[in-house]
Amino acid sequence: MRDHLQSVDDKDGGELIIDPLLGKVLFKNGLTFCIVDVKRKWVAIGFSLRRSNETDRMSLRIVGYGDRYYHVINVDDPELLDDEFRVWLTEAYRHGARGRGAVTKASHFDPMVPDDIDFEIAPPS
């Protein structure tokens, strides 16, 4: 997931920020566009899109707020991080991009931005 987002960020000239917290990782490009929340039996990946993506792969009810819709997919098998998921993740990344017309000025407020903390997350050894 990180590698995919980094490749998209490199192509778009963005400012991908990976912000690890206790049990969660926030992905930002202007706004927080994706949250990876580690659970006991799965990883919940929440992301926002400018549209409601009605599919049976979503784990929770899709919640709309402003010009965004928040989606959650519970991942208990790496195979779920397929091409379809990467399309949604890319769309969420581009929606969070600041200064590219992706969001209106009124929705630019995010209490987590600015943020000076950038970390590289390495897999456990």
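Quick caveat: nothing in here was measured; it's all calculated off a predicted structure. Computation of the quantities below employed the complete heavy-atom set of this structure, encompassing side-chain atoms and omitting hydrogens, waters and symmetry-equivalent molecules. Here, residue 1 is the first one in the sequence, and each next residue gets the next number.
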If you round to the nearest 0.5 Å, how far is [atom2] of [Y] from [atom1] of [X]?
{"X": "Asp76", "Y": "Lys41", "atom1": "CG", "atom2": "NZ", "answer": "10.5 Å"}
{"X": "Leu31", "Y": "Ser48", "atom1": "CG", "atom2": "OG", "answer": "7.5 Å"}
{"X": "Thr90", "Y": "Leu49", "atom1": "OG1", "atom2": "CG", "answer": "10.5 Å"}
{"X": "Leu89", "Y": "Ile45", "atom1": "CG", "atom2": "CD1", "answer": "7.5 Å"}
{"X": "Asp37", "Y": "Lys24", "atom1": "CG", "atom2": "NZ", "answer": "4.5 Å"}
{"X": "Phe27", "Y": "Leu16", "atom1": "CZ", "atom2": "CG", "answer": "7.0 Å"}

Are the side chains of Ile62 and Tyr69 in contact, using a 4.5 Å heavy-atom criterion? yes
May I ask you to test the Asp19-Val25 pair for a side-chain heavy-atom distance under 4.5 Å? no
Could you go through the side chain to side chain contact (heavy atoms under 4.5 Å, CB included) check for Asn74 and Val72 one step at a time? CA-CA 7 Å; Asn74 290 338; Val72 176; 3.9 Å; yes
For a side chain to side chain contact (heavy atoms under 4.5 Å, CB included) check, start with the C-alpha distance between Ile17 and Asn29, then their side-chain angles and the critical distance, and finish with the verdict. CA-CA 6 Å; Ile17 296 169; Asn29 184 12; over 6 Å; no
Is there a path from Trp42 to Ile73 through hydrophobic residues (I, L, V, M, F, W, Y) whose side chains come within less than 4.5 Å of each other? no
Could you state whether Leu80 and Val38 fall into the same hydrophobic cluster, counting links through intermediate Ile, Leu, Val, Met, Phe, Trp or Tyr residues with side-chain heavy atoms under 4.5 angstrom apart? no
Should the pair Glu91-Arg50 be classified as a salt bridge under the 4.0 Å nitrogen-to-oxygen rule? no
Without swapping roles, check the side chain of Asp82 against the backbone of Phe85 for a donor-acceptor pair under 3.5 Å. yes
Below 30° counts as parallel, above 60° as perpendicular, anything between as tilted: where do the rings of Trp88 and Phe47 land? parallel
